[in-house]
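Okay, so here's the structure we're looking at.
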Amino acid sequence: MNPVFGMEPATPVSPDILPLSRTLGQIIIHVDMDSFYASVEVQRRPELAGKPLVIGANPKEGRGRGVVSTCSYEARKFGVRSAMPISQAYLLCPDAVYLPPDFPAYLRASAAVMAILRSYGYRMEQVSIDEAYLDLSPLENFSHARALATEIQNTIRQRLGLSCSVGIAPTRSVAKRASDFQKPGGITVVSPPSLPGFLHPLPVRKIPGIGRKAEQLFFEMGIRTIGDLACHDIQDLIGRFGRNAVFLQQIAQGADGRGVVAEEQDAKSLSRETTFDADTDDMSIIGTKLEEQIVELCTELAERQLRFRILTLKIRYSGFFTRSRSRSLPHSTREPALIRNLVRTLFCELYDGRKIRLVGVRFSSFEKRQQGQVTLPV
Ligand code: TTP
Ligand code: MG
């Protein structure tokens with residue numbers, strides 16, 4: 001036995017066998033909307049269809065600050081990507097249409113998508129504004145799951161005018177990789193026998209949590225693909241990556257073992273942050289931004305029927321110095337007036353008179369009320 005982890009080090013079992021033995025019986029689908037914010041804009045402004053469209057901060061002819069939230073697939077052909085500085089996006093594609101995000105509209109579209117997914121009656125876990133897992137294990141086989149995925153795609157397209165991609169696999173992490181595989185509009189089925197063939201040629205950075213630094217370490221160990229990681233000596237991996245190595249190798253072997261968690265447990269926090277175009281100490285600009293954030297967050301709370309108990313305010317000053325302060329409430333709430341007062345109080349406590357680069361509000365510690373009486377801690 002391995003004295004540290006209480007388990008046998010991985011023996012050289014063929015990776016072809018592992019996924020089957022550990023995940024037998026699960027059929028999980030991952031649904032991810034295509035270029036979500038941009039698609040919502042195109043849906044309500046059809047004249048934008050087929051054009052490069054960038055959602056994010058104002059580019060101000062290349063002088064804008066802030067980042068790209070997302071962009072249409074037409075803009076992606078120019079190299080524009082989410083999280084890229086908006087100034088860089090402008091350099092790559094000055095002729096794109098640039099729009100500021102309209103979060104309430106995206107939240108409404110998200111709620112409509114999730115309602116459609118929920119209506120199929122399977123265990124469901126929403127993991128972000130535009131993606132969710134459904135546990136289709138009750139279905140007989142992967143062909144039935146593909147048929148249902150097609151129906152889901154058609155329903156979302158017909159009712160909402162939006163496109164999504166679907167991945168179907170025996171595990172969550174492979175389903176997520178699969179939904180990304182044929183975007184936009186694809187359905188990718190990875191049945192147990194085809195799992196190693198799908199997963200192993202992919203680069204290691206496709207495993208969630210592996211960034212550039214870890215990827216470089218893997219390269220130094222001769223690991224380039226997920227298949228290389230699946231077969232690598234586990235003790236060698238633990239020597240470099242510690243405990244995480246066991247989990248990472250399991251993911252590489254297609255055996256993450258996590259199911260779909262029922263909805264009530266998913267949301268841990270909701271937050272909004274805004275970077276100002278120029279660092280500012282103008283209270284009307286700062287107040288307006290905070291108010292926008294509160295309205296968006298309260299809309300999202302209402303959509304999800306959530307109340308929260310902990311509010312956190314974050315201020316980042318010029319030069320990136322960041323401070324935040326939290327307040328716990330005696331009772332859960334989503335009452336805007338109370339939230340406004342609390343944000344104001346926390347702001348006065350935190351603010352030291354310097355110019356501000358970014359403000360943010362976060363709600364956490366949720367409760368979800370069901371049928372008036374019962375309170376489920378989340
Ligand atoms: P994603 O699903 O990552 O991206 P997407 O739906 O725009 O495009 P894809 O077809 O590749 O799935 O994110 C969903 C939304 O979340 C996206 O439309 C905008 C928002 N978002 C940001 O605001 N900033 C980010 O860095 C990312 C990645 C997403
Ligand atoms: Mg998406």
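Keep in mind that the numbers below use all heavy atoms, side chains included, and drop hydrogens, waters and symmetry copies. For reference, positions follow the sequence shown, starting with 1. Indexing begins at 1, ligand by ligand and atom by atom, following the structure's order.
- Ring orientation note: the planes of Tyr317 and Tyr351 are close to parallel, at an angle under 30° on the 30°/60° scale.
- Near Met33, the atoms of ligand 1 lying under 4.0 angstrom from a non-hydrogen atom of the residue are 6 (O), 9 (P), 10 (O), 12 (O).
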Discussion item. Salt bridge (Lys or Arg N to Asp or Glu O under 4.0 Å) for Arg340 and Glu291? Distances and angles first, verdict last.
Written reply: CA-CA 8 Å; Arg340 249 177 231 119; Glu291 175 62 18; 2.7 Å; yes
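- Atom 9 (P) of ligand 1 is approached by the protein to below 4.0 angstrom, counting heavy atoms only.
- Asp130 lies close to the Mg ion (ligand 2), since one of its N, O or S atoms is found at a distance under 2.8 Å.
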Practice prompt. Start with the C-alpha gap between Leu48 and Leu99, add the side-chain angles, then the distance that decides, and say whether side-chain contact (heavy atoms from CB on, under 4.5 Å) holds.
Written response: CA-CA 11 Å; Leu48 296 175; Leu99 289 178; 4.0 Å; yes
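- With salt bridges taken as basic N to acidic carboxylate O contacts below 4.0 Å, none links Arg272 and Glu292.
- Across the listed options Ser69, Ser163, Pro101, Ser69 owns the non-hydrogen atom lying nearest to atom 21 (N) of ligand 1.
- The contact set between ligand 1 and Ser82, taken as ligand atoms under 4.0 Å from a residue heavy atom, comprises 25 (C), 26 (O), 27 (C), 28 (C).
- Under the 3.5 Å distance criterion, the side-chain polar atoms of Arg309 are matched with a main-chain donor or acceptor of Leu329.
- Between the Mg ion (ligand 2) and Ser35 there is no N/O/S contact shorter than 2.8 Å.
- Nearest N/O/S atom of Asp32 relative to the Mg ion (ligand 2): this is OD1.
- Annotation for Arg205: atom CZ does not count as buried by contact number, only 12 or fewer foreign heavy atoms lying within 6.0 Å.
- Of the possible polar contacts, one joining the Gln153 side chain to the Gly185 backbone as a donor-acceptor pair under 3.5 Å is found.
- Short contacts between ligand 1 and Ala83, defined as distances under 4.0 Å to a heavy atom of the residue, involve ligand atoms 26 (O).
- Interface of Tyr73 with ligand 1, defined as ligand atoms under 4.0 Å from a residue heavy atom, comprises 9 (P), 10 (O), 11 (O).
- Given atom 4 (O) of ligand 1, the protein heavy atom at minimum distance is Thr70 OG1, 4.3 Å.
- More than 12 heavy atoms of other shown residues, nucleotides or ligands fall within 6.0 angstrom of atom CZ in Phe276.
- For ligand 1, none of its N or O atoms has an N or O atom of Val68 under 3.5 Å away.
- Under the 3.5 Å distance criterion, the side-chain polar atoms of Lys183 are matched with a main-chain donor or acceptor of Met33.
- Counting only heavy atoms of the protein, atom 1 (P) of ligand 1 lies nearest to Asp130 OD2, 4.0 Å.
- Nearest protein heavy-atom contact of atom 15 (C) of ligand 1 is Tyr37 CE1, 3.9 Å.
- With a 4.0 Å cut-off on non-hydrogen atoms, Arg76 touches ligand 1 through its side chain and not its backbone.
- The side chain to side chain donor-acceptor pair (under 3.5 Å) test with Arg316 singles out one residue from Thr322, Asp279, Thr275, and that residue is Thr322.
- In this structure, Ser35 has a heavy atom closer than 4.0 Å to ligand 1.
- Near Asp32, meaning under 4.0 Å from any of its heavy atoms, are these atoms of ligand 1: 2 (O), 12 (O).
- The residue Tyr106 has no part lying near ligand 1, judged by heavy-atom distances below 4.0 Å.
- The aromatic rings of Phe308 and Phe363 lie parallel to each other, their planes meeting at an angle below 30°, with 60° marking the opposite boundary.
- Across every non-hydrogen atom of Cys93 and Val80, the tightest pair is CB-CG2, 4.1 Å.
- Every atom of ligand 1 with a heavy atom of Asp34 under 4.0 Å away is listed here by number and element: 10 (O).
- Atoms of ligand 1 lying under 4.0 Å from at least one heavy atom of Phe36, given by number and element, are 5 (P), 6 (O), 7 (O), 18 (O).
- Counting heavy atoms under 4.0 Å from ligand 1, residue Glu131 does not touch it at all.
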